[in-house]
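Take a look at the structure set out below.
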Amino acid sequence: MKIDSIVLREIRMPLVQPFQTSFGTTTDRRIMLVEVRAEGLTGWGECVAGEHPYFSEETIDTAWLMTMQELAPALASADPEHGGKCPGIFRKVRGHRMAKAALENAVWDLEAQMRGIPLAQLLGGTREVIPCGVSIGIQPTLEKQLAAVEKELAAGYQRIKLKCKPGWDVEIFEAVRNRWPEILLSCDANSAYRLNDMDHLASFDAFDLLMIEQPLWADDFYFHSMLQKRIKTAVCLDESIRNRRDALAAIDMGSCRIINIKNGRVGGFSEAIAVHNAAQERGVPVWCGGMLESGIGRSHNIALSSLENFSLPGDVSASKRYWTEDIIEPEVEVSSQGEIRVPTSPGRGFQVKTDLVERLTVRREEVRALALA
Ligand code: OSB
Ligand code: MG
């Protein structure tokens, strides 16, 4: 494909309600979008980096800088024939996986349009519908926490994930389990616990959780493997898994029994598929994580979730849980069975509302392929 230009934008979108994790509260999102324009078509990508380097080292501002200085110029002069070429084009840049993923995924998005096939099919997906769960932020009170769970169960979601941290864990699990003994329930600590919390984490076994997500350090496999040996509940790794090799190491060491795959965290669709395949070959189920995405990242998560080994409900949920108005049409909707239908139309299957994106844009820069010649 002959790339004409790459456009970077920052859009600002207020969340319908603040989202609190063990590392902080998000009220408004600052989102970097990329457009890769080639042969009269536009592929879109979303960078999932946050405003602060709390979930990962990357932020929207580091991603913007690396995209302008390194990644977009490299891509614009490479004219890749498909998305799978992007890791090679970006290889000399160490890290910055969320920045790389935004561009790589835009190229896959573009390629699906050029070939006139659904993005899910281009990725190798086979599912017609994907099972959906929700990630519920830490609430101001137990009553509000229970009300939030009740609302999402009523909407049909198949799995409830509770954000937790020391001081906001067993009491909450106990209250939720007492009220709903049968539901699929999990928790996500975003690395909030330490070695001397091992006994405390073992006490989570009483609540029949589907998994405990990333209890320990974001860069650790070894102590997670020690923890996994001591507890019955499956450990799921999120932050720790950066690529296929990490997944292999974690599985081999027994650091986890489930893997959360996030497109941005692993650097784009190519590596996400590689992690998926490695886990599948070893009998480890995966699910698709979320990063409070706008409709563009969300549509890409839906396509990824259509791969076979995404057998557990993901954190990919309806647009209206996040936004008063999403930037895609139709918005992402979840059925009363807690499922999202995978689009069968060419490309990502959701139109970008370009007028709305334009209105939300607070910063814009462009890299033109011709200027590089
Ligand atoms: O750890 O999965 C996480 C949101 C931001 C950063 C990290 C995480 C999350 C979520 C929300 O859990 C998932 C979503 O609803 O998009
Ligand atoms: Mg997580």
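When a ligand or atom number is given, it counts from 1 through the structure's own listing order. These values consider heavy atoms only, across backbone and side chains, with no hydrogens, waters or symmetry-generated copies. Counting begins at 1 with the first residue of the sequence.
Side-chain atoms of Arg177 come within 3.5 Å of backbone atoms of Asp208 as a donor-acceptor pair (strictly under, hydrogens ignored). At least one donor-acceptor pair under 3.5 Å links the side chain of Ser305 to the backbone N or O of Asn301. In this structure a side-chain-to-backbone donor-acceptor pair under 3.5 Å is present from His224 to Leu216.
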Kindly list each side-chain donor-acceptor pair under 3.5 angstrom involving residues 131-146, sequence neighbours excluded, with atom names and distances?
from: Gln139; atom 1: NE2; to: Gly137; atom 2: O; distance (Å): 3.0
from: Thr141; atom 1: OG1; to: Lys144; atom 2: N; distance (Å): 3.0
from: Gln145; atom 1: OE1; to: Trp168; atom 2: NE1; distance (Å): 3.1

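Between Phe204 and His200, the ring planes are perpendicular. Angles over 60° get that label, and only those under 30° would be called parallel.
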For each nitrogen or oxygen atom of ligand 1, which protein N/O atoms lie closer than 3.5 Å, and how far apart are they, rounded to 0.1 Å?
from: ligand 1; atom 1: 1 (O); to: Lys163; atom 2: NZ; distance (Å): 3.0
from: ligand 1; atom 1: 1 (O); to: Asp188; atom 2: OD2; distance (Å): 3.0
from: ligand 1; atom 1: 1 (O); to: Asn190; atom 2: ND2; distance (Å): 2.8
from: ligand 1; atom 1: 1 (O); to: Asp238; atom 2: OD2; distance (Å): 3.1
from: ligand 1; atom 1: 1 (O); to: Lys262; atom 2: NZ; distance (Å): 3.4
from: ligand 1; atom 1: 2 (O); to: Lys161; atom 2: NZ; distance (Å): 3.2
from: ligand 1; atom 1: 2 (O); to: Asp188; atom 2: OD2; distance (Å): 3.4
from: ligand 1; atom 1: 2 (O); to: Asp238; atom 2: OD2; distance (Å): 3.4
from: ligand 1; atom 1: 2 (O); to: Lys262; atom 2: NZ; distance (Å): 3.0
from: ligand 1; atom 1: 12 (O); to: Ser135; atom 2: OG; distance (Å): 2.9
from: ligand 1; atom 1: 12 (O); to: Lys161; atom 2: NZ; distance (Å): 3.4
from: ligand 1; atom 1: 12 (O); to: Lys163; atom 2: NZ; distance (Å): 3.0
from: ligand 1; atom 1: 15 (O); to: Tyr322; atom 2: OH; distance (Å): 2.5
from: ligand 1; atom 1: 16 (O); to: Met291; atom 2: N; distance (Å): 3.3
from: ligand 1; atom 1: 16 (O); to: Leu292; atom 2: N; distance (Å): 2.9

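At least one side-chain heavy atom of Arg348 sits less than 4.5 Å from a side-chain heavy atom of Gln113. Proximity of Glu358 to Arg9: side-chain heavy atoms (C-beta onward) are separated by under 4.5 Å at one or more points.
For the atom pair Arg282 CZ and Asp252 CG, the distance stands at 7.0 Å (nearest 0.5 Å).
Shown here are the side chain to side chain contact (heavy atoms under 4.5 Å, CB included) partners of Thr27, two or more places apart in sequence or in another chain: Pro18, Thr25.
Protein N/O/S atoms closer than 2.8 Å to the Mg ion (ligand 2), listed by chain and residue number, are Asp188 OD2, Glu213 OE2, Asp238 OD2.
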